[in-house]
There are 2 protein chains.
Amino acid sequence: MVGETTTPAHTVRSYDQDLQRLRDMVARMGGLAERQVADATAALVRRDTELAEEVVRRDAQIDQLERDIEAFCVRLLALRQPMAQDLRLIVGAMRISHALERIGDYARNAAKRAIVLAGLPPIGSLNGFERMARLVQENLKGAMDALVHDDAARADEVWAADEPVDEIYNGIFREMLTHMMEDPRNITAATHLLFIAKNLERIGDHTTNIAEMVHYAVRGDTLPEDRPKADTSVSAVVRPPEG
Amino acid sequence: MVGETTTPAHTVRSYDQDLQRLRDMVARMGGLAERQVADATAALVRRDTELAEEVVRRDAQIDQLERDIEAFCVRLLALRQPMAQDLRLIVGAMRISHALERIGDYARNAAKRAIVLAGLPPIGSLNGFERMARLVQENLKGAMDALVHDDAARADEVWAADEPVDEIYNGIFREMLTHMMEDPRNITAATHLLFIAKNLERIGDHTTNIAEMVHYAVRGDTLPEDRPKADTSVSAVVRPPEG
């Protein structure tokens, strides 16, 4: 009858190992997403279509990881009947892996556009894109560190750090519209660049959401609803030069 | 000892009621998302800033419903320790509500841009936007019906029906670039319209994903990985008119 009230030590250990394995799977997926963002941006800036094609191909790995994580979570829910913090970790892992899949998708989309852009005349500087990508990668790495180390304070830092990403995006938005107005031959390239900038901005948003999910998984409470948010391009009006 | 192996009837009934309540909550959220898409598009076409502002305000209701659904799911997981199809329904409900929240976000974003556009000179016809919105709404309704009636076949129909949405989007993409090239004064408005079209296209994608999640919740297997997909705008090159 003892077996009914106490859990054998090896079961507990293997459950802990399962949860650790889950954290590792999500962190690996995060690392892959980070790399996709870095490589998509490098491909854009260096006009490297080969690298861009590699990013497009590698997206299938991220999709597969999401399916693996979800299947593993459903198994854990069914077999372990987890409670409290463990349950939050499992639910959080599913949501985080879904957000990482979206990030992977945006990176692949940016890479596809980078291939088209390599065949068009270059316009302006792409520094803004590099800065956005670097910030987003740092935040993504911070969110994954917070998850692996159960560190809610680190997650909160990332959550509050999206504003510079939005500011760079707003700058790029205006810059691209100005290029279009100056010369209609810029319009196709500037449009693709606008969408890439929007992809990076969305990746930044998803990273903020991930930080929020990590906070919830670790602490069990939610962050205030309104985070710092500064994408003003949605109401931007840029006028063509006079004459 | 009988109480340990058989479950009292009232517990089972209340569990079934819980699952039905969950389906209803998700369906209500779906209905709200549908309405947001319809109203955002109507606000755009009719240049109705009041309606657009209402859409922006109403988004908070969708966000609240997502939080309610997630909290309810976590409680069901912890208290009911569901297995097999029930577990899939609960996991599916969390994922679907997240996708609906994204759809609400895209509708709000479109409404914000509709407010700006009402202050700019109109360009071209907005028929394409109306057609896209109508198709997306029908699909969203179909996916919610499939969920409420446990109807995998209906979900599969929706899953296969996103192609026309992508085709209209590709047409709008080229049309907007042409407007920009014809007259630089169109550039700001055409850019906002491009992003609204992209929002509708993303809403269509999320709807397809929801259909996939409904299929999984009902049947337990997943659909083939590559669904019909026809957004070719990602590699579109539009040339300005000669001379």
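In this text, all values refer to a predicted model and were calculated from it rather than measured experimentally. We name chains A, B, ... by the order of the sequence lines, and we start the count at 1 in each one. Basis for what follows: all heavy atoms, side chains included, without hydrogens, waters or symmetry-related copies.
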Asks: Tell me, side chain or backbone of A/V74 under 4.5 Å from chain B's heavy atoms, or both, or neither?
Replies: both
Asks: Let me confirm one number: the CG-CZ distance from A/L194 to B/F195, rounded to the nearest 0.5 Å.
Replies: 5.0 Å
Asks: Which heavy atom of A/E70 sits nearest to which heavy atom of B/V91, and what is that distance?
Replies: OE2-CG1, 4.3 Å
Asks: To the nearest 0.5 Å, what is the distance between NE2 on B/H192 and CG on A/L177?
Replies: 7.5 Å
Asks: Salt bridge check, A/R95 against B/E66: does any charged N sit closer than 4.0 Å to a carboxylate O?
Replies: yes
Asks: Mind checking whether B/H98 and A/H98 have parallel, tilted or perpendicular rings, split at 30° and 60°?
Replies: perpendicular
Asks: Output, in order, the C-alpha distance, side-chain angles, deciding distance and verdict of side-chain contact (heavy atoms from CB on, under 4.5 Å) for A/I187 and B/I187.
Replies: CA-CA 9 Å; A/I187 286 175; B/I187 286 175; 4.3 Å; yes
Asks: Between A/M181 and B/T188, what is the shortest heavy-atom contact and its length?
Replies: CE-OG1, 3.6 Å
Asks: Below 4.5 Å from any heavy atom of chain A, which atoms of B/M180 appear? Answer side chain, backbone, both or neither.
Replies: both
Asks: Do you know which of A/L87, A/L79, A/I115 has the most heavy-atom pairs with chain B at a distance under 4.5 angstrom?
Replies: A/L87
Asks: To check you understand the geometry: which heavy-atom pair defines the closest contact between A/R102 and B/N209, and what is its length?
Replies: NH1-ND2, 4.2 Å
